[in-house]
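What you see is a predicted model, and the numbers here were worked out from it, not measured in a lab. Remember, it's 1-based here, ligands and their atoms both numbered in the order they're listed. Heavy atoms only: backbone and side chains are in, while hydrogens, waters and symmetry mates are out.
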Amino acid sequence: MRMYDIIKKKRDGGELTTEEIGFFIRGVTDGSIPDYQISALCMAIWFRGMTVRETCDLTFAVRDSGERVDFSSIRGVRVDKHSTGGVGDKTSLVVAPIVASFGVKVAKMSGRGLGHTGGTVDKLEAIAGFRTTLSDEEFIRQVNEIGLTIVGQSKQFAPADKKLYALRDVTATVDSMPLIASSIMGKKLAADDDCIVLDVKTGSGSFMKTVEDSRALARLMVDIGKNAGKKMVALITNMDMPLGNAIGNALEVIEAVETLKGRGPADLTAVCLTLAGRMLSLAGMGAPEVCEERAKRAIEDGSALKKLMETVAAQGGDAECIADPARFPRAKYTRDVLSPHTGYIAHVDTEAYGLASLALGAGRNTAEDAIDYSAGIMLGKKTGDFVQQGEKIATMYADSPDLFAAAEARFLGATQFSEEKPEAEPLVYDIIE
Ligand code: URA
């Protein structure tokens, strides 16, 4: 088999066989296919697309390119949730303890943030002492004893995806439906869960900017998961504005804890309850509406918060900070952002908000960059709110006052004002089963 022929076949609109896709991914993994041929095939896929069968084959080849995790010694139903990435998306920190408080097992392997999106592992590392790397034995024991573990992906999961993603990132081929679906699902399927709830973000802060594209991606990923024998549901949720008010690691953990105490922002709480309801329902705990009510009660009676505290303590973190947020890292400097106009906030470029937070030190430009856990932005006003000129719309947090000017310019440049109140957008656009 020759890579040249595979590239040419896809370039001309052909359908690749399982063997050709397997040959490609084996060559990506062992380094025998040069970067220019990998990139050329990614571009041909970008233009020509793939059938569901080809995308499934690509996903399974990516999944099988590295280590798999054996969850067979975990007792009970294992359910996971995956977000396609957004700004202020701290849902895992709320949803995982809710679900685990019912005895459903959540063995979570999460990613780090890159670019404008945050990552659960970085957020958890804002808690002093929290260990995001555990041995396999520790990981399984904790899931069996407590029901919840959240770690980073320390294993050599789907190494083909690492290589492919790095090349897609620099060859303008990230935003291809089959490439995104196989990348996300290839990694997800390397872990051994029974049920997966996907949170497919849509809007200015996500990879998919339109609801139609998000729906198509969700459908594709649900089909791939079902082909692999998983129970699947996907939610299409709004990322046309940040979720909740906090952007930045410690700020987001504090907001997640407030949500578990029943005092969270309405949008974050609503999306978390829908996600938790769907996870519990897939795990066999009843109809989605019934499970959503149960999730609500787990917040009201404190059992979800208790589960988070147990998990933090078990992973060596300072569980006291859950009761007393003053123990979280605090930024040396703060600056209020004042509204330049009187009117409604009509629309925000959520990706740019994420990049403003990154410029304050909360994120990284390259995988090696260090993070300032205390940095970020706390939104005072969101889309649809009326503001007076000079009124505070956000507060920025940073380790140096020199970082404020550029972040503030980016933030204000991303905020559109209007005299008319914008129509409210749904928080959950659709649920794909
Ligand atoms: N997240 C991934 O893991 N892969 C993609 O291609 C896009 C988002």
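Between R364 and D122, at least one side-chain nitrogen of the basic residue sits less than 4.0 Å from a carboxylate oxygen of the acidic one, meeting the salt-bridge criterion. Under the 4.0 Å criterion applied to side-chain N and carboxylate O atoms, K307 and E310 are assigned as salt-bridge partners. Under the 4.0 Å criterion applied to side-chain N and carboxylate O atoms, K209 and E351 are assigned as salt-bridge partners. In this structure, D70 does not pair ionically with R68, as no charged nitrogen and carboxylate oxygen lie closer than 4.0 Å.
Side-chain contact between T84 and I184 is present, with at least one heavy-atom pair separated by less than 4.5 Å.
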Per-pair distances, 0.1 Å, donor-acceptor, side chain in residues 408-415, under 3.5 Å, sequence neighbours excluded:
residue, atom, partner, partner atom, Å
E408, OE1, R335, NH1, 3.4
T415, OG1, Y353, OH, 2.8
T415, OG1, F411, O, 2.8

What are the distances between nitrogen or oxygen atoms of ligand 1 and protein nitrogen or oxygen atoms, counting only those under 3.5 Å?
residue, atom, partner, partner atom, Å
ligand 1, 3 (O), S183, OG, 3.4
ligand 1, 3 (O), K187, NZ, 2.6
ligand 1, 4 (N), S183, OG, 2.6
ligand 1, 6 (O), R168, NH1, 3.0
ligand 1, 6 (O), R168, NH2, 2.9
ligand 1, 6 (O), S183, OG, 3.4

